[in-house]
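Read the structure below first, then the notes.
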Number of protein chains: 2
Amino acid sequence: MKYCSISEASAKFNIPESTIRYYEKKGLLPLIERDENGRRLFSENQMALLETVICLKNTHMPISGIKQYMDWIIEGDQTIELRLEMMNNHKQAVLAEIALMTESLKRIDFKITRYQNRNYNGEEGLE
Amino acid sequence: MKYCSISEASAKFNIPESTIRYYEKKGLLPLIERDENGRRLFSENQMALLETVICLKNTHMPISGIKQYMDWIIEGDQTIELRLEMMNNHKQAVLAEIALMTESLKRIDFKITRYQNRNYNGEEGLE
DNA sequence: ATACGACTTAAACCATGGTTTAAGTCAACG
DNA sequence: CGTTGACTTAAACCATGGTTTAAGTCGTAT
């Protein structure tokens with residue numbers, strides 16, 4: 001099994017080392033091993049967990065939620081129902097956010113079109 | 001022309017009055033009129049501008065960016081090119097963010113499926 | 001030997017985006 | 001007349017999510 005240093009993990013996922021340390025301190029990355037000098041060793045399992053953290057972060061789950069999820073993973077199989085429910089809820093929240101952004105983007109597109117055509121016919125106000 | 005009070009604007013867009021005041025203080029809502037007692041009066045134009053602020057906020061434009069856009073609106077037609085460029089750039093940023101969220105959602109969906117089927121065949125690690 | 005680079009820690013610091021508080025003004029209602 | 005409700009202000013406060021700093025340890029290359 002190959003292990004990664006923090007710099008390799010940082011480079012692989014393109015996030016600062018300081019952020020990885022911060023995540024560990026916040027409990028998002030439990031069970032990270034250390035070498036004989038106290039340096040973090042990321043196993044493939046840990047790299048997968050880090051990728052999961054990033055994935056949840058990309059979809060705007062708060063730190064507290066990610067921590068809860070990670071705590072449940074560590075607890076083991078008896079938390080699968082809880083994790084399933086959490087991911088289902090999160091999925092709905094993400095879909096709602098994407099829908100809101102997509103809707104807002106329509107209005108932005110409308111502005112772009114208006115600016116491109118300079119359609120100011122007196123009905124449009126200031127914008 | 002009908003005017004709205006801050007409480008009506010708050011109710012219409014479902015955001016706290018304190019947030020509207022904060023936006024005005026930050027320069028996102030310029031030229032708001034006042035009645036003889038100093039209370040804010042939102043014209044239809046102002047309501048449209050507030051909706052624009054909310055739209056940009058929904059798509060995660062920072063306050064500083066929204067302020068720049070509003071400043072350009074106040075400046076008038078000579079800033080149309082700048083506004084067009086800004087909205088085009090912002091649109092690309094929003095599309096990129098939606099793409100990232102959509103991609104991350106795929107991984108979440110994969111977890112959901114795995115939890116539903118309880119497919120733990122020894123190759124999956126802890127999750 | 002020493003200096004460099006990669007790492008460690010705890011704690012301080014920072015930006016962003018609001019929210020809350022305290023103190024006050026005004027108009028209308030009982 | 002007084003109190004209630006809707007509003008005003010400036011300033012303090014807060015949560016979130018990191019980032020930076022300072023001081024130190026280790027292994028390796030010169």
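Quick note on labels: first sequence line is chain A, next is B, and so on, each numbered from 1.
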At less than 4.0 Å, is any side-chain N or O atom of [X] found next to OP1 or OP2 of [N]? Yes or no.
{"X": "T19(B)", "N": "dT19(C)", "result": "yes"}
{"X": "S5(B)", "N": "dC7(D)", "result": "yes"}
{"X": "R40(A)", "N": "dC7(C)", "result": "no"}
{"X": "Y23(B)", "N": "dG18(C)", "result": "yes"}
{"X": "N37(A)", "N": "dT8(C)", "result": "no"}

**Fill in**
Under a 4.0 Å heavy-atom cutoff, the residues of residues 8-15 of chain A touching DNA chain C are none

Less than 4.5 Å apart, side chain to side chain, heavy atoms only: is that true for [X] and [Y]?
{"X": "M70(B)", "Y": "L29(B)", "value": "no"}
{"X": "E127(B)", "Y": "K111(B)", "value": "yes"}
{"X": "K91(B)", "Y": "V94(B)", "value": "no"}
{"X": "K106(B)", "Y": "E103(B)", "value": "yes"}
{"X": "R40(A)", "Y": "E24(A)", "value": "yes"}

Choosing from [options], which nucleotide comes nearest the side chain of [X]?
{"X": "R39(B)", "options": "dG18(D), dA6(D), dT19(C)", "answer": "dA6(D)"}
{"X": "I63(A)", "options": "dT8(D), dA11(C), dG18(D)", "answer": "dG18(D)"}
{"X": "R34(B)", "options": "dG17(D), dT9(D), dT9(C)", "answer": "dT9(D)"}
{"X": "E17(A)", "options": "dC7(C), dG17(D), dG17(C)", "answer": "dC7(C)"}

May I ask you to say what [X] touches in the nucleic acid, namely base, sugar-phosphate or nothing, with a heavy-atom cut-off under 4.0 Å?
{"X": "S7(B)", "answer": "sugar-phosphate"}
{"X": "R21(B)", "answer": "base"}
{"X": "S18(B)", "answer": "base"}

d([atom1], [X]; [atom2], [N]) in whole Å:
{"X": "K57(B)", "N": "dT16(C)", "atom1": "NZ", "atom2": "C1'", "value": "13 Å"}
{"X": "E24(B)", "N": "dC7(D)", "atom1": "CD", "atom2": "P", "value": "14 Å"}
{"X": "I32(A)", "N": "dT8(C)", "atom1": "CD1", "atom2": "P", "value": "10 Å"}
{"X": "Y22(A)", "N": "dA15(C)", "atom1": "OH", "atom2": "C1'", "value": "13 Å"}
{"X": "K26(B)", "N": "dT19(C)", "atom1": "NZ", "atom2": "C1'", "value": "14 Å"}
{"X": "K25(A)", "N": "dT8(C)", "atom1": "NZ", "atom2": "C1'", "value": "12 Å"}
{"X": "E33(A)", "N": "dC7(C)", "atom1": "CD", "atom2": "P", "value": "17 Å"}
{"X": "I66(A)", "N": "dG17(D)", "atom1": "CD1", "atom2": "P", "value": "8 Å"}

**Message:** side-chain contact (heavy atoms from CB on, under 4.5 Å) for L84(B) and I112(A)? Distances and angles first, verdict last.
**Reply:** CA-CA 6 Å; L84(B) 173 58; I112(A) 288 175; 3.9 Å; yes

**Fill in**
When pairs are called at under 3.5 Å and a stem needs at least three consecutive Watson-Crick or G-U pairs, the stems of DNA chain D are C:1-30 with D:1-30

**Asked** Does atom CG of N14(B) have more than 12 heavy-atom neighbours, drawn from other residues, nucleotides or ligands, at distances under 6.0 Å?
**Response** no

**Donor-acceptor contact below 3.5 Å, side chain Q46(A) vs main chain P30(A)** = yes

**Request:** Look only at the side chain of E17(B) and the backbone of E8(B), and say whether a donor-acceptor pair between them is shorter than 3.5 Å.
**Result:** no

**Request:** Only one of I20(B), N58(B), I66(B) passes side chain to side chain contact (heavy atoms under 4.5 Å, CB included) with V53(B); say which it is.
**Result:** I66(B)

